[in-house]
Peer 1: 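Sharing a structure with you now.
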Protein chains: 2
Amino acid sequence: MARLPVYLRALHVLAERGVATVSSEELAAAAGVNSAKLRKDLSHLGSYGTRGVGYEVEYLVYQISRELGLTQDWAVAIVGLGNLGRALAGYGGFASRGFRMAALLDAQPGIVGEVIADLTVEHIDDLETVIKDNGISIAVLAVPAAAAQPVCDRVVASGVTSILNFAPVVLSVPDGVDVRKVDLSIELQILAFHEQRKAGGPSGVEEEYLEAVEGQ
Amino acid sequence: MARLPVYLRALHVLAERGVATVSSEELAAAAGVNSAKLRKDLSHLGSYGTRGVGYEVEYLVYQISRELGLTQDWAVAIVGLGNLGRALAGYGGFASRGFRMAALLDAQPGIVGEVIADLTVEHIDDLETVIKDNGISIAVLAVPAAAAQPVCDRVVASGVTSILNFAPVVLSVPDGVDVRKVDLSIELQILAFHEQRKAGGPSGVEEEYLEAVEGQ
DNA sequence: TCTTGTGAATCAATTCACAGCT
DNA sequence: AGCTGTGAATTGATTCACAAGA
């Protein structure tokens, strides 16, 4: 379930504050969801609460971490070290529990060999070897749109089965490979849509299109 | 609808290739969705297809753009110019149709005054003035977790009603303000979850927790 | 008494399947 | 003949509301 990481974060905050026990109501508020939904989500992992009391924070942190697979260590590679790739390599959240930045790959001669966040950027020609040697199972693609599908094919052929894609392309992958997509301009477009709604919606007249076409 | 931007992107690709007309089946495949879903989504904006033929690419691009509010110009501010903020400022997709990077804001003396992507970074103390003077309606928050809620409150008080949040925090905002969240470590955690599923799921034994607790 | 865990009810999204138009 | 637009059917997610347990 895609909400477990949000609960986990809220629980970490509570744990840091020294809170030992939390009710579904409180945790739901912290995570920004309905309390019935939260209870249903948690009950799906097993019965880890105590009626009349709530959930023990530490224990729940462990159970959710285990469910998410964060009690083991995942080796991650970033492919593409432009602005975005660099930001990702330096991003603290990645290095946090459960993930290990294991390799950086790029195609540009000027970038290969550079040291970023304690790792030397390797040439993408060596992609297959690097992925196998480092036991990498998750690849982050921060490459240009045109390169995304070919690079994707290569990482999949090398054994990667989970991909986080920042390129604005719909990747096609074989069954059994998971792709998650983060598309910054799509996020902005969705905001623009809501923004426009607030302002009264599209004007809805045909002339506008004709004008726009004329104007070219 | 959150899928319109994806259709729009696919249509732009088709338009560049000189394709004049497309069927729901083809467009759905390009966007990675079911064709009935695509038709329902599009019919929701009006009746822009021709039975027996398909959709006219150019016309559909225009209609979706209008629906999304991309026929007008949105002024965007980025708050926080660490690694991620810089990557966003330089990201081409933002500057594309419909969006104008209008201001950059940060709190650190070393960063304020720097020129990034043709804009001078301004001090966050001037946030209210900068937002009002530039008519900014969308703010991108790339600040540390602890700063996110206070900054959010200030941009909202200044009139911003759409926020793209990269900080790992659940923001609370008044009704009428839209927040979209991009959380890189949550994306990785979701991938780890699926990755673990493929590997056989969590081992499900109590001892593991006890060991983990002992080990501290 | 307080809070979980969960059947039942509701609400929304997806898919099917085909009538109707070109 | 081919493809859209859309009722109807299905599937899934969310919420309600309360019985059962601490």
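Chain A is the first sequence line, chain B the second, and so forth, proteins listed ahead of strands; every chain is numbered from 1.
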Peer 1: Between A:R197 and B:E67, is the closest basic N to carboxylate O distance under 4.0 Å?
Peer 2: yes
Peer 1: Tell me, which pairs form a salt bridge (charged side-chain N to carboxylate O under 4.0 Å, His left out) where one or both residues lie in residues 133-144 of chain B, sequence neighbours left out?
Peer 2: none
Peer 1: Quick one: which residue pairs count as a salt bridge (charged side-chain N to carboxylate O under 4.0 Å, His left out) with a foot in residues 72-90 of chain B, not counting sequence neighbours?
Peer 2: B:D73-B:R100, B:R86-B:E114
Peer 1: Could you state the atom-to-atom distance from CD of A:E56 to P of C:dT3 in whole Å?
Peer 2: 17 Å
Peer 1: Can you sort out the partners of B:R51 under side chain to side chain donor-acceptor pair (under 3.5 Å), two or more places apart, ordered by chain and number?
Peer 2: none
Peer 1: Kindly state each residue pair satisfying ring-ring contact (aromatic ring centres under 6.0 Å, His included) with at least one member in residues 26-47 of chain A, sequence neighbours excluded.
Peer 2: none
Peer 1: Roughly, in whole Å, what's the span from CG in A:L27 to C1' in C:dC2?
Peer 2: 17 Å
Peer 1: Among residues at least two apart in sequence or on other chains, which ones pass side chain to side chain donor-acceptor pair (under 3.5 Å) with A:E26?
Peer 2: A:S23
Peer 1: How close or far is atom C1' of C:dT14 from atom CG of B:L38, stated in whole angstroms?
Peer 2: 13 Å
Peer 1: Does any pair with a residue in residues 136-153 of chain B pass side-chain hydrogen bond (donor to acceptor under 3.5 Å, both in side chains), and if so which ones, sequence neighbours excluded?
Peer 2: B:Q149-B:D153
Peer 1: Among pairs that include at least one residue of residues 170-184 of chain B, which meet side-chain hydrogen bond (donor to acceptor under 3.5 Å, both in side chains), considering only residues two or more places apart or in two chains?
Peer 2: A:R9-B:D183, A:E187-B:R180, A:K198-B:D178, B:D183-B:S185
Peer 1: Taking DNA chain D as the partner, which of residues 44-51 of chain A come within under 4.0 angstrom of it by heavy atom?
Peer 2: A:T50, A:R51
Peer 1: Rounding to a whole Å, what distance do you find between A:D41:CG and C:dG5:P?
Peer 2: 12 Å
Peer 1: Distance under 4.0 Å to a non-hydrogen atom of chain B counts as contact; along DNA chain D, which nucleotides mark the start and end?
Peer 2: D:dG2 to D:dA8
Peer 1: Pull out every residue in residues 5-26 of chain B that has a heavy atom closer than 4.0 Å to any atom of DNA chain D, ordered by number, or say none.
Peer 2: B:S23, B:S24
Peer 1: Sequence neighbours left out, what passes salt bridge (Lys or Arg N to Asp or Glu O under 4.0 Å) with B:E128? Give chain and number order.
Peer 2: B:R154
Peer 1: Report the distance from atom CG of A:L42 to atom P of C:dT4, rounded to the nearest whole Å.
Peer 2: 9 Å
Peer 1: With nearest nucleotide decided by heavy atoms, which residue, A:K37 or B:G52, maps closer to the 5′ end of DNA chain D?
Peer 2: B:G52
Peer 1: A:D41: what forms a side chain to side chain donor-acceptor pair (under 3.5 Å) with it, not counting sequence neighbours?
Peer 2: A:R3, A:Y7
Peer 1: Closer than 3.5 angstrom, by distance alone: can the side chain of A:W74 be matched with the main-chain N or O of A:G69 as a donor-acceptor pair?
Peer 2: yes
